[in-house]
K.L.:
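Below are the structure tokens for one structure; questions will follow.
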Amino acid sequence: MRTQVGIIGAGPAGLFLAHLLKAQGIDSVILEARSRTYAEGRVRAGVLEPGTVETMARLGLDARLRREGLIDEGLDMRFRGRTIHLDLPELTGRSVVIYGQQEVVKDLMAARVEAGDPLIFEAQVTRIEGIETESPRIHYTEGGESRVLDCEFVAGCDGYHGAGRAAMPQDRITLFEQVYDFAWLGVLARARPMADMTYSNSDRGFALCSRRSMQVSRLYLQVPVDANPEEWSDSRFWEELHARMFDEDRSEIAEGEIFQRDLAKLRAFVAAPMQHGRLFLAGDAVHIVPPAGAKGLNMAVADVRVLSHALTAHYRDGSRTALEAYSATCLERVWKTVRFSSALTGLLHRFDEHSPLQRNLQLAELEYVAGSRNAQAAIAEQYVMLNYLKDLP
Ligand code: APR
Ligand code: PHB
């Protein structure tokens, strides 16, 4: 098999890239290790920045998003029993849209399959060859058989554990990483959500109330990394959430059946550069943010917008300038986004290693944000617009 761009991974990065390239008349094949059912079922975050929403609209992939997405105009942060309310349109002129990442993935996969464009499931990439030549080859196994995809460029969109980053010359790549010693226990519950996205920093730890629809809440608690989600019964979860949200009389947060539980470890990670020869990395393959701020999907979409623009310039006018600048162009935004997500994590969680002095400094920062419109505007602007690429299609 042969194509112009071989894409490894059918997460948001790989799927958006394939659609963006197709819109420019560039062929690609997506190789995805997992089954379609598995890939569509992975529960992740669900906050779309305007840049992501506009990209879906430009690709004509936003019909369900427009029907089912919830426009979110508020971001609340609680501490000491008080609430800082950030009015996103008032502070930034924009808002975000709540729409689960797996819904985005379902929509993009359905459009790809319906168009009859190649998206091969249960195709595990094992090795990438010839990235320093003009004809790299991707080796993969499908149904127990070894196969090869010949291409002109390789896009490693295959997440943190993928084959893309592993194929980079290890002496040319620098890894930056911080692993946190706590995790997020996430649940989905059939319960009316709170009106606003609400983060809380309580003495008992961090909590977050988000939503997926008017009937389904997406809720998170900071827990130890070795916590077992099955040990969090419904009643234990609700009790802890009420306490951390300062909802002592349990009147504010509606309870309901918890039908999904997952544990996410927290990590900040960047690999640089994001390219070598004809191999280009995008999304979680090359950077991970801690989940506060819900930036992962938005970063991945922005990466592949830069990449598809650069590949278009190459195929259309033979220009290599944008391709050569891909990594540098992305990394400036990536570092800002990792910084924002890390800062929000630092502001809102309880750290075992914090001394009483550090705990007071954290609360002082929240007091400052509570009293300063400028501080609120800085947070709101980054929450909404960090991955907006105003000069790109
Ligand atoms: N061969 C083929 N596919 C692979 C391989 C491999 N060797 N290794 C991993 N994959 C697939 C995974 O099964 C997964 O479907 O690559 C895909 C990577 O998708 P994501 O992990 O969703 O990563 P990305 O597309 O970069 O999306 C970034 O998604 O992971 C979340 O939190 C992350 O929100 C962020 C966003
Ligand atoms: C989510 O809705 O899953 C979500 C929202 C905000 C975050 C992280 C996750 O910061």
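Since this is a predicted model, take the numbers as computed values, not measurements. Every number for a ligand or one of its atoms is a count from 1 in the order of the listing.
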K.L.:
Run the numbers for me: atoms of ligand 1, each under 4.0 Å from some heavy atom of Arg34, listed by number.
P.N.:
13 (O)

K.L.:
Within ligand 1, which atoms have a heavy atom of Ile8 less than 4.0 Å away?
P.N.:
1 (N), 2 (C)

K.L.:
Mind checking whether Ala123 contacts ligand 1 via backbone (N, CA, C, O), side chain (CB onward), both or neither, at a 4.0 Å heavy-atom cut-off?
P.N.:
backbone

K.L.:
What distance do Arg236 atom CZ and Leu241 atom CG have between them, rounded to the nearest 0.5 Å?
P.N.:
13.0 Å

K.L.:
What part of Ile288, side chain, backbone, both or neither, has a heavy atom within less than 4.0 angstrom of ligand 1?
P.N.:
neither

K.L.:
Of the side chain and backbone of Gln101, name the one, both, or neither that has a heavy atom under 4.0 Å from an atom of ligand 1.
P.N.:
side chain

K.L.:
Could you tell me whether ligand 1 has any atom less than 4.0 Å away from a heavy atom of Arg42?
P.N.:
yes

K.L.:
Is His161 touching ligand 1 with its side chain, its backbone, both, or neither, if touching means heavy atoms under 4.0 Å apart?
P.N.:
neither

K.L.:
Where's the contact between Ser210 and ligand 2, heavy-atom distance under 4.0 Å: side chain, backbone, both or neither?
P.N.:
side chain

K.L.:
Which of the listed options, Tyr99, Tyr199, Tyr220, holds the heavy atom that is closest to atom 7 (C) of ligand 2?
P.N.:
Tyr199

K.L.:
For ligand 1, which atoms sit closer than 4.0 Å to a heavy atom of Cys157?
P.N.:
16 (O), 17 (C), 18 (C)

K.L.:
Between Tyr383 and Glu49, do the side chains contain a donor N or O and an acceptor N or O under 3.5 Å apart?
P.N.:
no

K.L.:
Considering only heavy atoms, does Ala33 approach ligand 1 within less than 4.0 Å through its side chain, its backbone, both, or neither?
P.N.:
both

